[in-house]
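Encoded as structure tokens, the structure appears first; notes follow it.
Just so it is clear: chains get the letters A, B, ... in the order the sequence lines come, proteins before strands, and each one is counted from 1. The structure displayed is predicted, hence computed values, not measured ones.
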Protein chains: 2
Amino acid sequence: MYHNKQTMKDQLHISEQVCFPVYAFAKEIINQYRPLLEALELTYPQYLVMLVLWEYKEQTVNQLGDKLKLDSGTLTPLLKRMETKAFVTRIRSTVDERIVNISLTEKGVALKEKAACIPQQLMEAMNVSAEDLLLLKNIITKIAKK
Amino acid sequence: MYHNKQTMKDQLHISEQVCFPVYAFAKEIINQYRPLLEALELTYPQYLVMLVLWEYKEQTVNQLGDKLKLDSGTLTPLLKRMETKAFVTRIRSTVDERIVNISLTEKGVALKEKAACIPQQLMEAMNVSAEDLLLLKNIITKIAKK
DNA sequence: TTTAATTATATTGTGTACAATTTAATTGAT
DNA sequence: ATCAATTAAATTGTACACAATATAATTAAA
């Protein structure tokens with residue numbers, strides 16, 4: 001039917017897309033983080049790994065992947081780069097040799113002090129209020145939970 | 001001060017992050033699109049290019065980059081892959097030889113028919129309502145506009 | 001307990017992303 | 001008109017991201 005066909009086709013416009021703003025905004029966030037994290041020699045995904053390790057001390061590759069929604073194809077090379085920069089150690093478990101435990105080095109622990117100002121700096125760089133960001137987080141959490 | 005130091009440090013936990021859900025949700029969206037777009041031989045960024053071209057017929061690399069927030073380092077190889085798949089043509093302007101015009105081939109135009117069901121399929125796959133997605137879009141648009 | 005199934009990580013290959021640089025073409029100021 | 005500045009794409013290099021597969025270790029089933 002003409003009406004239905006038009007209705008469907010109209011959704012195929014970039015301005016009508018609801019997912020594109022999410023995709024573009026996620027990239028924008030990473031771009032805003034970049035100069036701040038550069039001072040710590042971290043990329044955004046590497047910063048996420050540090051956040052988990054600052055909180056949990058030690059994690060297996062799998063545990064990091066669960067928390068950050070990343071697979072070993074992404075994490076293995078990423079963690080090797082972090083090991084090269086001496087932020088983490090990668091030690092294969094002697095109990096179960098399939099498992100690689102990721103831990104912070106002293107340098108990695110110390111980096112937390114330098115990172116303390118990042119959340120504040122980011123909000124200022126993006127010029128958003130904590131309320132708006134929290135609202136956004138709550139909606140996404142609600143949608144993504146299912 | 002002790003209180004302030006703790007307050008700042010507490011933000012450095014993955015669960016406290018407001019940007020991580022956006023990052024993870026954007027990846028989740030692309031992962032939900034993947035099997036649907038595979039039937040059209042498109043990736044998500046390539047699908048975005050098609051959305052723009054279905055609407056505007058012809059675009060320069062720069063115009064695509066402006067609308068999709070992608071630079072030539074991303075677009076040039078991406079568009080070459082789409083040219084290889086015969087969805088678009090890349091023709092250097094004779095008026096201004098710096099410019100490369102991207103246009104749809106007949107195959108590219110025809111693909112719109114097959115794509116008509118994608119928006120609907122995606123919402124079903126993600127199990128979200130149009131209202132929730134629209135709410136999300138409005139908040140992001142408000143935040144990202146500045 | 002030998003083998004089959006499962007698990008954890010690593011590897012390979014393709015495709016984004018983007019900074020920095022390069023190349024070539026066009027514009028603008030003198 | 002000439003040359004410097006600007007512009008548009010392309011290139012190079014680094015770093016994700018993920019599907020598919022491989023490898024090795026552990027567990028489970030007979």
Can you tell me the distance, in whole Å, between the [atom1] atom of [X] and the [atom2] atom of [N]?
| X | N | atom1 | atom2 | answer |
| --- | --- | --- | --- | --- |
| B:L68 | C:dC18 | CG | P | 11 Å |
| B:Q32 | D:dA19 | CD | P | 11 Å |
| A:R81 | D:dC16 | CZ | C1' | 7 Å |
| B:Y33 | C:dG15 | OH | C1' | 18 Å |
| A:E97 | D:dT23 | CD | C1' | 13 Å |
| B:I30 | D:dA19 | CD1 | P | 12 Å |
| B:N31 | C:dT14 | CG | P | 20 Å |
| A:K69 | D:dA19 | NZ | P | 14 Å |

Indicate yes or no: at least one non-hydrogen side-chain atom of [X] is less than 4.5 angstrom from one of [Y].
| X | Y | value |
| --- | --- | --- |
| B:F25 | B:M126 | yes |
| B:F87 | B:L42 | yes |
| B:P119 | B:M123 | no |
| A:Y56 | A:K67 | yes |

Worksheet item: Between D:dA17 and B:Y23, is there an OP1 or OP2 to side-chain N/O distance shorter than 4.0 Å?
Response: yes
Worksheet item: According to the interplanar angle, ranging from 0 to 90°, do the rings of B:Y33 and B:Y47 count as parallel (below 30°), tilted (30 to 60°) or perpendicular (above 60°)?
Response: tilted
Practice prompt. Measure the angle between the two terminal helix axes of the helix from C:dT1-D:dA30 to C:dT30-D:dA1, five base pairs each, and quote it to 10°.
Written response: 10°
Worksheet item: Are any of the side-chain nitrogens in B:E41 or B:K85 under 4.0 Å away from the carboxylate oxygens of its partner?
Response: no
Worksheet item: Could you walk me through whether B:R34 and B:I30 pass the side-chain contact (heavy atoms from CB on, under 4.5 Å) check?
Response: CA-CA 6 Å; B:R34 199 184 314 280; B:I30 292 176; 4.1 Å; yes
Practice prompt. Quick one: label B:L78 by what it contacts on the DNA or RNA (base, sugar-phosphate, nothing), any heavy atom closer than 4.0 Å.
Written response: sugar-phosphate
Item to complete: List the steps, then state whether side-chain contact (heavy atoms from CB on, under 4.5 Å) holds for B:L136 with A:L136.
Response: CA-CA 7 Å; B:L136 175 62; A:L136 174 63; 3.6 Å; yes
Discussion item. Surrounding NZ of A:K69 (heavy atoms of other residues, nucleotides or ligands, distance under 6.0 Å), is the total greater than 12?
Written reply: no
Practice prompt. Report, as a single string ordered 5' to 3', how protein heavy atoms within less than 4.0 Å touch nucleotides 5-11 of chain D: B base, S sugar-phosphate only, - not at all.
Written response: --BSSBB
Worksheet item: Listed in order of residue number, which residues of residues 34-50 of chain A have a non-hydrogen atom at under 4.0 Å from DNA chain C?
Response: A:R34
Discussion item. side-chain contact (heavy atoms from CB on, under 4.5 Å) for A:V61 and A:I102? Distances and angles first, verdict last.
Written reply: CA-CA 7 Å; A:V61 175; A:I102 310 298; 4.2 Å; yes
Worksheet item: Where do B:E83 and B:T105 land on the side-chain contact (heavy atoms from CB on, under 4.5 Å) test, with the steps shown first?
Response: CA-CA 9 Å; B:E83 185 184 38; B:T105 61; over 6 Å; no
